[in-house]
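To start, the structure itself, in structure tokens.
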2 protein chains.
Amino acid sequence: MYSPRVGRTSDARNKILEAAKQLIEQRGYSALGVAEICAAAGVPKGSFYYFFESKQALALTVIDEHWVAQRAQWEAVLGTDRDPLRRLRELFEATEEVQRVAQRRSGVVVGCMFGNLALELSNQHPEIRERLQAIFDAQIDLIEAVVTQAKDLGEAGGAVDSRGAARSIVAQIEGRVLLAKLLNDPAQLDTLWRDCLDLLQVPTNSRTLVN
Amino acid sequence: MYSPRVGRTSDARNKILEAAKQLIEQRGYSALGVAEICAAAGVPKGSFYYFFESKQALALTVIDEHWVAQRAQWEAVLGTDRDPLRRLRELFEATEEVQRVAQRRSGVVVGCMFGNLALELSNQHPEIRERLQAIFDAQIDLIEAVVTQAKDLGEAGGAVDSRGAARSIVAQIEGRVLLAKLLNDPAQLDTLWRDCLDLLQVPTNSRTLVN
DNA sequence: GGAGAATACATGACCGGTCGTCTAGCGTCT
DNA sequence: AGACGCTAGACGACCGGTCATGTATTCTCC
């Protein structure tokens, strides 16, 4: 077993992060104990506060890392040179697939970690709220850019406000994910595409083009 | 069948329910302690378990009572003989007003209690999940009826699926309420009307009629 | 109308357990 | 020997929940 001489000699931090990510997704923040995280990570509890300042600091790190990964995924899907509406549709499909995979692995639809924590903690932990605000703002930015392109191509209704529509789409995603989690049914997400077409006021006769 | 009222009578149960409703709205379920609820209600902790079997049983009661009240409000707004779209619009305005009032009183947008608890508890407490599923189902029913009427009047697009559209509207409400809570800004809700018109595919030229 | 009996509620000490957090010190390396 | 990476174990506070005991109110029966 090779271990580098300098820097960390333990992967405990990563194991904690990995376990915490899954547990927070499944059980939220308040109902989750540090001991449980450490047990799931196979790391002694005494080590926790060597790697993290506090439970809240861990949550912030988990949030940040999860957003880095998700943003990369969103950018990969939304940043192609395909048709803008097509890109949005693929985002929805990817979102649903994520929930299906999570359900297969853990038995439950975990929903959106950011949405979950937003409702649970935004009124209790200002730092977490700020982080989540920034994340949702960035999500809206990413979608707004694609909506603008769709408008420029005449695919979206000329009357739609790009940013407003992007916010509506994000809200629609969050609302649908809530229903999917409540019903433990990822299929709740496969109306996102149709909803999106409505919110973007895409004319009925041009919808089959991207279908 | 009469029930003799032997012994004392107390309003402690109602005081607990009242306090619990506000605290659950503001701080969620897991982060809330029985002792804190009792302190806020001005009831000794020992009395709590005389009136409620458990903390979870209290939550179920709070959920039920809150839904009874909210359903009455929804029915009052949606059950009039006014124009269907007009009724939907008033529902959105009432929703926003509820959040404004809560914000004035407690300083924070509390969001939707059912949505909050759905994301926090649906994967932890099956009984609560069932209750919340039934509530959202009933909400969708209430809106579906109005959407159907709007369709019959030709106000909504003929291609819309009433139940699907109702679900989309509920999802949109929940998503917007999430953003309103995260940003502590009830104004996030005043695009609900426009979103609803989009989701119902109401023709642009006929929108001013109800505006 | 007065005396119990029965019921309805009040109360706070207390239980085992878990919470997030911290510190003293272990083992391993230079 | 000294520094460093790591961890065992304990800390006080608090968790949801229990219980013995006390008091207030209304019942029945005379």
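Letters A, B, ... mirror the listed sequences (proteins, then strands); counts begin at 1. Keep in mind that the numbers below use all heavy atoms, side chains included, and drop hydrogens, waters and symmetry copies. Just so we're clear, the structure is a prediction, and the values are computed from it rather than from any experiment.
F52(B) has its CZ atom 12 Å from the P atom of dA10(C), to the nearest Å. When rounded to the nearest whole Å, the span between OH of Y50(A) and P of dA3(D) equals 15 Å.
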Distance-only donor-acceptor pairs under 3.5 Å for side chains of residues 165-181 of chain B, two or more places apart:
{"residue": "S168(B)", "atom": "OG", "partner": "R176(A)", "partner atom": "NH2", "Å": "2.6"}
{"residue": "S168(B)", "atom": "OG", "partner": "D195(A)", "partner atom": "OD1", "Å": "2.6"}
{"residue": "S168(B)", "atom": "OG", "partner": "D195(A)", "partner atom": "OD2", "Å": "3.3"}
{"residue": "S168(B)", "atom": "OG", "partner": "G164(B)", "partner atom": "O", "Å": "3.1"}
{"residue": "Q172(B)", "atom": "NE2", "partner": "D195(B)", "partner atom": "OD2", "Å": "3.1"}
{"residue": "R176(B)", "atom": "NE", "partner": "T191(B)", "partner atom": "OG1", "Å": "3.3"}
{"residue": "R176(B)", "atom": "NE", "partner": "D195(B)", "partner atom": "OD2", "Å": "3.4"}
{"residue": "R176(B)", "atom": "NH1", "partner": "T191(B)", "partner atom": "OG1", "Å": "3.1"}
{"residue": "R176(B)", "atom": "NH2", "partner": "S168(A)", "partner atom": "OG", "Å": "2.5"}
{"residue": "R176(B)", "atom": "NH2", "partner": "T191(B)", "partner atom": "OG1", "Å": "3.2"}
{"residue": "R176(B)", "atom": "NH2", "partner": "D195(B)", "partner atom": "OD2", "Å": "3.3"}
{"residue": "K181(B)", "atom": "NZ", "partner": "L119(A)", "partner atom": "O", "Å": "3.0"}
{"residue": "K181(B)", "atom": "NZ", "partner": "V110(B)", "partner atom": "O", "Å": "3.3"}

Scan the side chains in residues 31-41 of chain B for donor-acceptor partners under 3.5 Å anywhere in the protein, sequence neighbours excluded, and list what turns up.
{"residue": "E36(B)", "atom": "OE1", "partner": "R27(B)", "partner atom": "NH2", "Å": "2.6"}
{"residue": "E36(B)", "atom": "OE2", "partner": "R27(B)", "partner atom": "NE", "Å": "3.1"}
{"residue": "E36(B)", "atom": "OE2", "partner": "R27(B)", "partner atom": "NH2", "Å": "3.0"}

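Not counting sequence neighbours, the partners of R105(B) by the side-chain contact (heavy atoms from CB on, under 4.5 Å) test are Q22(B).
Applying the side-chain hydrogen bond (donor to acceptor under 3.5 Å, both in side chains) rule to pairs touching residues 125-139 of chain A yields Q56(A)-H125(A), D64(A)-R131(A), N123(A)-R129(A), sequence neighbours excluded. Sorted by first and then second residue, the ring pair (Phe, Tyr, Trp, His ring centres under 6.0 Å) pairs involving residues 68-109 of chain A (not counting sequence neighbours) form an empty list.
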Reading nucleotides 15-22 of chain C from the 5' end, what letters show protein touch, with B for base, S for backbone sugar-phosphate only, - for no heavy atom under 4.0 Å? ----SBB-

